[in-house]
Amino acid sequence: MYEMLIFWLVLLILCIGIEILTLGLTTIWFAGGALVAIFANLLYAPIFVQIVLFFLVSLVLLFFTRPIAVKYFNRDRVKTNVESMVGRQAIVTEEIDNMKATGQVTVSGQEWTARSWDEGVKIPEGEIVAVKSISGVKLIVECIKKPEAGADNAVASPEVEEPAGNPEAAGEESPETETEIPV
């Protein structure tokens, strides 16, 4: 009986010590199971009941309370380094072509190798893209605005409006204009 009590106490202290060192919310749940097993031992429960209670309480705490605890403990965590790239905008400095395995973007003055989120889509130089994810040392990006169908990734020039009184702007011919007929 005292051997199991000492075992559960050592396990409890070990789990709490690991949790204090890592702060990863991983072993604290097993410390809860060990604590329940200690109480079961003090009530003279058989060893198999202590073991079952340890696993049952540990798993219940792990699966039901861990998601809630992680949500509240990591709420104020600031993303750093590469994690902060996701969601940011970048400028394409070299055409991105997944088939040729080429492409580079600049994010906050830093050059990154990039690949397109959509496998078949080439992204031309100068396009503004959004970082969707990171794969190794490559940014996976997607165009912010999709090119129009038939535009073939060309940049459209802005249309110049003609004065309203000009019939040629509306596609009509003016009566004074002679139309030449080819011979």
- prompt: Do other residues, nucleotides or ligands put more than 12 heavy atoms under 6.0 Å from the CD1 atom of Ile47?
  reply: no
message: For a 4.5 angstrom cut-off between non-hydrogen side-chain atoms, does Thr113 reach Arg115?
response: yes
query: Have Trp8 and Gln50 got a donor and an acceptor in their side chains that come within less than 3.5 Å?
result: yes
Pairwise distance CD(Glu94) to CD(Glu125) - rounded to 0.5 angstrom: 8.0 Å
message: Any heavy-atom pair between the side chains of Leu42 and Leu5 that's under 4.5 Å?
response: yes
query: Would you say the side chain of Gln89 lies within less than 4.5 Å of the side chain of Val129, judging by non-hydrogen atoms?
result: no
message: Less than 4.5 Å apart, side chain to side chain, heavy atoms only: is that true for Ile91 and Val105?
response: no
- request: Check the pair Val86 / Ile134 against side chain to side chain contact (heavy atoms under 4.5 Å, CB included), numbers first and verdict last.
  value: CA-CA 7 Å; Val86 176; Ile134 299 165; 4.1 Å; yes
- prompt: Would you say the side-chain atoms of Asn98 pair up with the backbone N or O of Ser116, donor to acceptor, closer than 3.5 Å?
  reply: yes
message: Is there a side-chain contact between Ile51 and Leu53 in this structure, where contact means two heavy atoms from C-beta onward sitting under 4.5 Å apart?
response: no
- request: Would you confirm whether Glu142, through its side chain, and Trp117, through its main-chain N or O, come within 3.5 Å as a donor-acceptor pair?
  value: no
task: Scan side-chain atoms only and decide if Glu111 and Thr93 contain a donor-acceptor pair under the 3.5 Å cut-off.
output: yes
query: Is any side-chain heavy atom of Val121 closer than 4.5 Å to a side-chain heavy atom of Ile123?
result: yes
- prompt: Can Val131 be reached from Val137 by stepping across I, L, V, M, F, W or Y side chains whose heavy atoms are under 4.5 Å apart?
  reply: no
- prompt: Side-chain contact, heavy-atom cut-off 4.5 Å: Val141 with Ile96?
  reply: yes
field: Nearest heavy-atom neighbours spanning Ile144 and Ala130
entry: CG1-N, 3.9 Å
field: Spatial distance of atom CG (Leu59) from atom CZ (Phe64) [nearest 0.5 Å]
entry: 10.0 Å
query: Can you get from Leu43 to Leu35 by hopping between Ile, Leu, Val, Met, Phe, Trp and Tyr side chains that sit under 4.5 Å apart?
result: no
task: Using the rule that two of Ile, Leu, Val, Met, Phe, Trp, Tyr join whenever any of their side-chain heavy atoms come within less than 4.5 Å, decide whether Leu9 and Phe39 are in one cluster.
output: yes
field: N/O donor-acceptor pair under 3.5 Å between Thr27 side chain and Glu19 backbone
entry: yes
message: Grouping I, L, V, M, F, W and Y whenever their side-chain heavy atoms are under 4.5 Å apart, do Ile16 and Phe7 come out in a common cluster?
response: yes
message: Return the OG1 to CG distance between Thr106 and Leu139, rounded to the nearest 0.5 Å.
response: 10.5 Å
field: Lys132 NZ to Asp118 CG distance, which is reported to the nearest 0.5 Å
entry: 9.0 Å
field: Gap separating the CH2 atom of Trp29 from the OG atom of Ser58, nearest 0.5 angstrom
entry: 11.0 Å
query: Could you give the distance from CZ (Phe54) to CD1 (Ile38), rounded to the nearest 0.5 Å?
result: 10.5 Å
- prompt: Are Phe55 and Leu11 grouped together when hydrophobic residues (ILVMFWY) are joined by side-chain heavy atoms under 4.5 angstrom apart?
  reply: yes
